[in-house]
Participant: 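Below you'll find the structure I mean.
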Amino acid sequence: MKQEWDAARYQARHSYVFAHGASLVELLDPRAGERILDLGCGSGQLTARIAESGAEVIGIDRSEQMIGEARRNFPLLRFEVGDAANFTVGAPCDAVFSNAALHWVRDAEGVADSVARALRTGGRFVVEMGGKGNVQGIIDVLREVAGPIETPWYFPSVGEYASVLESHGFEVAFATLFDRPTQVEGEDGLEDWLKMFAGSMAGSDEVRREVARRLRPKMFGDGVWTLDYRRLRAIAECNH
């Protein structure tokens, strides 16, 4: 199922997505002169952060709406529409970076193959995505309310994702799965989150309201919703 994006609303109400990614840029440690691909760049904020290092950076996202927003935000940077599971670049990259994007791509093998082809030998892949158990409390209640649903996400364990990367010629130097309780503000914060990120499953206002009602005692307090995020981070070196 294809996710449709409201890029302006994503920036305005869900900026925590790229705010949390700032520490991943530090882990990437971009350097002047490097060629770096930002895979699933969204509206471009982290692409611009990487570019501040002096690296040559290209942002790719499947969403035309997100790429349009990124180009408006950062007109001096290069952004292209592309599929994370099937893309090519010109010259090999020193690094591929991806924050909060690849859990939207179920074809993990295609992603790993495309990333490996994009990297030079010894190049690094630095990624953060939803991991095993991410938003499971929300998914469970959504299924109680909406009935059997197929989620669009890929939330792997450390072992599962390391195995995918290793099968495509990567050596995994670091991988971790961790809880990141994530706050969204406002009485309607969860309903807005559902509309933005789970619209294909929670398609009606009635469903979103009922999910929020059931989760409110557990997840809402002091004007803030705290969602049960779990993240997977990995750094891998391409050895092809």
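The structure presented is a predicted model; accordingly, all values stated were derived computationally and were not measured. Values reported hereafter were calculated over all heavy atoms of this structure, with side chains retained and with hydrogens, waters and symmetry mates removed. Quick note: residue numbers are just sequence positions, from 1.
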Participant: Is atom CD of Glu144 surrounded by more than 12 heavy atoms (other residues, nucleotides or ligands) closer than 6.0 Å?
Facilitator: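 For Glu144, atom CD is crowded (more than 12 foreign heavy atoms under 6.0 Å).
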Participant: Do Tyr154 and Ile138 belong to the same hydrophobic cluster, where Ile, Leu, Val, Met, Phe, Trp and Tyr are linked whenever their side-chain heavy atoms lie under 4.5 Å apart, directly or via other members?
Facilitator: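 Shared cluster, no.
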Participant: Classify the ring geometry of Trp104 against Trp153: parallel below 30°, tilted from 30° to 60°, perpendicular beyond 60°.
Facilitator: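 Trp104 and Trp153: perpendicular rings.
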Participant: Minimum heavy-atom separation for Arg72 and Pro75, please, with both atom names.
Facilitator: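 So the two residues come closest at O-CD, 3.8 Å.
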Participant: Is the backbone of Gly42 close enough, under 3.5 Å, to the side chain of Asp61 for a donor and an acceptor to pair up by distance?
Facilitator: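 Pair found, side chain donor or acceptor close to backbone of Gly42.
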Participant: How far does NE2 of His240 sit from CD of Glu237, to the nearest 0.5 angstrom?
Facilitator: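 It is 10.5 Å, given to the nearest 0.5 Å.
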Participant: Using every non-hydrogen atom in the two residues, find where Leu142 and Met201 come nearest and quote the distance to one decimal.
Facilitator: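 What the structure gives for the nearest pair is CD2-CB, 3.9 Å.
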Participant: Could Arg31 and Asp29 be called an ion pair, given the rule that one side-chain N must be under 4.0 Å from one carboxylate O?
Facilitator: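 Counted as a salt bridge, because a side-chain N and a carboxylate O are separated by less than 4.0 Å.
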Participant: Should Ile235 and Leu39 be counted in the same cluster of Ile, Leu, Val, Met, Phe, Trp and Tyr side chains packed under 4.5 Å apart?
Facilitator: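 In one cluster: no.
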Participant: Under the side-chain contact (heavy atoms from CB on, under 4.5 Å) rule, what do Val211 and Arg208 come out as? Steps first, then yes or no, please.
Facilitator: CA-CA 5 Å; Val211 170; Arg208 290 191 289 270; 5.9 Å; no
Participant: One pair to check against side-chain contact (heavy atoms from CB on, under 4.5 Å): Val111 and Asp107. What are the steps and the verdict?
Facilitator: CA-CA 6 Å; Val111 171; Asp107 184 5; 5.7 Å; no
Participant: Run the salt-bridge test on Asp140 and Arg143 with the 4.0 Å N-O cut-off and return the result as yes or no.
Facilitator: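 Looking at Asp140 and Arg143, the cut-off is not met.
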Participant: Is Arg124 close to Phe97 at the side-chain level, that is, under 4.5 Å between some pair of heavy atoms?
Facilitator: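 Sidechains of Arg124 and Phe97: no contact.
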Participant: Under the side chain to side chain donor-acceptor pair (under 3.5 Å) test, which residues partner Glu191, sequence neighbours left out?
Facilitator: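 Partners of Glu191 under the side chain to side chain donor-acceptor pair (under 3.5 Å) test: none.
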Participant: Can you tell if the side chain of Lys132 reaches within under 4.5 Å of the side chain of Leu232, non-hydrogen atoms only?
Facilitator: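 No - every pair of side-chain heavy atoms lies 4.5 Å or more apart.
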Participant: Rounded to the nearest 0.5 Å, how far apart are CG of Asn239 and OG1 of Thr121?
Facilitator: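 With rounding to 0.5 Å, CG (Asn239) is 8.0 Å from OG1 (Thr121).
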Participant: Is the closest side-chain heavy-atom distance between Tyr229 and Val135 below 4.5 Å?
Facilitator: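 Tyr229 reaches Val135 side chain to side chain.
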Participant: Are any side-chain N or O atoms of Asp192 and backbone N or O atoms of Asp188, one a donor and one an acceptor, separated by less than 3.5 Å?
Facilitator: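 Answer holds: no.
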Participant: Looking at side-chain heavy atoms only, is the closest gap between Arg49 and Glu52 below 4.5 Å?
Facilitator: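 Of all side-chain heavy-atom pairs linking Glu52 with Arg49, at least one is under 4.5 Å.
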Participant: Quick one: CD on Glu210 to CZ on Arg214, what's the gap to the nearest 0.5 Å?
Facilitator: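 With rounding to 0.5 Å, CD (Glu210) is 4.5 Å from CZ (Arg214).
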Participant: Establish whether Leu28 and Phe170 are linked, either directly or via other cluster members, by ILVMFWY side-chain heavy-atom contacts under 4.5 Å.
Facilitator: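 No: no chain of side-chain contacts under 4.5 Å links Leu28 to Phe170.
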Participant: Linking I/L/V/M/F/W/Y whenever their side-chain heavy atoms sit closer than 4.5 Å, directly or via other members, would Leu27 and Val96 fall into one cluster?
Facilitator: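 Each belongs to a different hydrophobic cluster.
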Participant: Should the heavy atoms of other residues, nucleotides or ligands under 6.0 Å from CD of Glu160 be counted, would the total exceed 12?
Facilitator: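 Yes.
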Participant: What's the spacing between Thr226 OG1 and Gln183 CD if we round to 0.5 Å?
Facilitator: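 The distance works out to 4.5 Å.
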Participant: Is there a side-chain contact between Trp225 and Thr182 (heavy atoms, below 4.5 Å)?
Facilitator: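 Trp225 does not reach Thr182 side chain to side chain.
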Participant: Do Phe79 and Met66 pass the side-chain contact (heavy atoms from CB on, under 4.5 Å) test, and can you show the C-alpha distance, the side-chain angles, and the key distance before you say yes or no?
Facilitator: CA-CA 10 Å; Phe79 295 98; Met66 286 293 194; over 6 Å; no
Participant: Supply the atom-to-atom distance Leu37 CG to Arg78 CZ, rounded to the nearest 0.5 angstrom.
Facilitator: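 The CG atom of Leu37 sits 9.5 Å away from the CZ atom of Arg78.
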Participant: Check Leu77 against Ala48 and note the closest heavy-atom contact, atom names and distance.
Facilitator: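 Minimum heavy-atom separation between Leu77 and Ala48: CD1-CA, 3.6 Å.
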Participant: Decide whether Phe125 and Leu24 are clustered together by the hydrophobic rule: side chain heavy atoms of Ile, Leu, Val, Met, Phe, Trp, Tyr closer than 4.5 Å, transitively.
Facilitator: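 Phe125 and Leu24: separate clusters.
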Participant: Looking only at heavy atoms, what is the nearest atom pair of Phe74 and Ser43, with distance?
Facilitator: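 Nearest pair, atom of Phe74 first, then Ser43: CE1-O, 3.7 Å.
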Participant: Evaluate the side-chain proximity of His103 to Arg231: yes if any heavy-atom separation is below 4.5 Å, no if none is.
Facilitator: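 Contact flag for Arg231/His103 side chains = yes.
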Participant: Would you indicate whether the side-chain heavy atoms of Arg62 and Val81 approach each other to under 4.5 Å?
Facilitator: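 In short, these two side chains do not touch, never coming nearer than 4.5 Å.
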Participant: Return each pair, listed once, that meets ring-ring contact (aromatic ring centres under 6.0 Å, His included) where at least one residue sits in residues 131-151; pairs must be two or more places apart or across chains.
Facilitator: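 Every pair satisfying ring-ring contact (aromatic ring centres under 6.0 Å, His included) with a residue in residues 131-151: there are none.
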Participant: Can you name the residues that form a side chain to side chain donor-acceptor pair (under 3.5 Å) with Glu109, not counting sequence neighbours?
Facilitator: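 If we apply the side chain to side chain donor-acceptor pair (under 3.5 Å) test to Glu109, skipping adjacent residues, the hits are His168.
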Participant: On a heavy-atom basis, which atom in Leu102 and which in Tyr161 lie closest, and how many Å separate them?
Facilitator: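 Leu102 and Tyr161 have their closest heavy atoms at CD1-OH, 3.9 Å.
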Participant: Taking 4.0 angstrom as the limit, do Arg120 and Asp94 come out as a salt bridge?
Facilitator: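 Salt bridge between Arg120 and Asp94, a charged N being under 4.0 Å from a carboxylate O: yes.
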Participant: So, for Leu227 and Leu190, which heavy atoms are closest and what is the spacing to 0.1 Å?
Facilitator: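 Smallest interatomic distance, heavy atoms only, reads CD2-CD1, 3.9 Å.
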Participant: Working to the nearest 0.5 angstrom, can you tell me the gap between Ile36 CD1 and Cys93 SG?
Facilitator: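 One gets 8.5 Å once the value is rounded to the nearest 0.5 Å.
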Participant: Run the salt-bridge test on Arg216 and Glu187 with the 4.0 Å N-O cut-off and return the result as yes or no.
Facilitator: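 Counted as a salt bridge, because a side-chain N and a carboxylate O are separated by less than 4.0 Å.
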Participant: For the pair Arg35 (side chain) and Ala91 (backbone), establish whether a donor and an acceptor sit closer than 3.5 Å, ignoring hydrogens and angles.
Facilitator: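 Answer holds: yes.
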Participant: Do side-chain atoms of Asn99 reach the backbone of Glu128 as a donor and acceptor pair under 3.5 angstrom?
Facilitator: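 Between the backbone of Glu128 and the side chain of Asn99 there is no qualifying donor-acceptor contact (under 3.5 Å).
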Participant: Under a 3.5 Å distance rule, please check whether Arg230 uses its side chain to pair with a backbone N or O of Leu177 as donor and acceptor.
Facilitator: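 Looks like no, no N/O pair under 3.5 Å.
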Participant: Would you say that Ile58 contacts Cys41 through its side chain, given a criterion of any heavy-atom pair below 4.5 Å between the two side chains?
Facilitator: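 Answer no - side chains too far apart.
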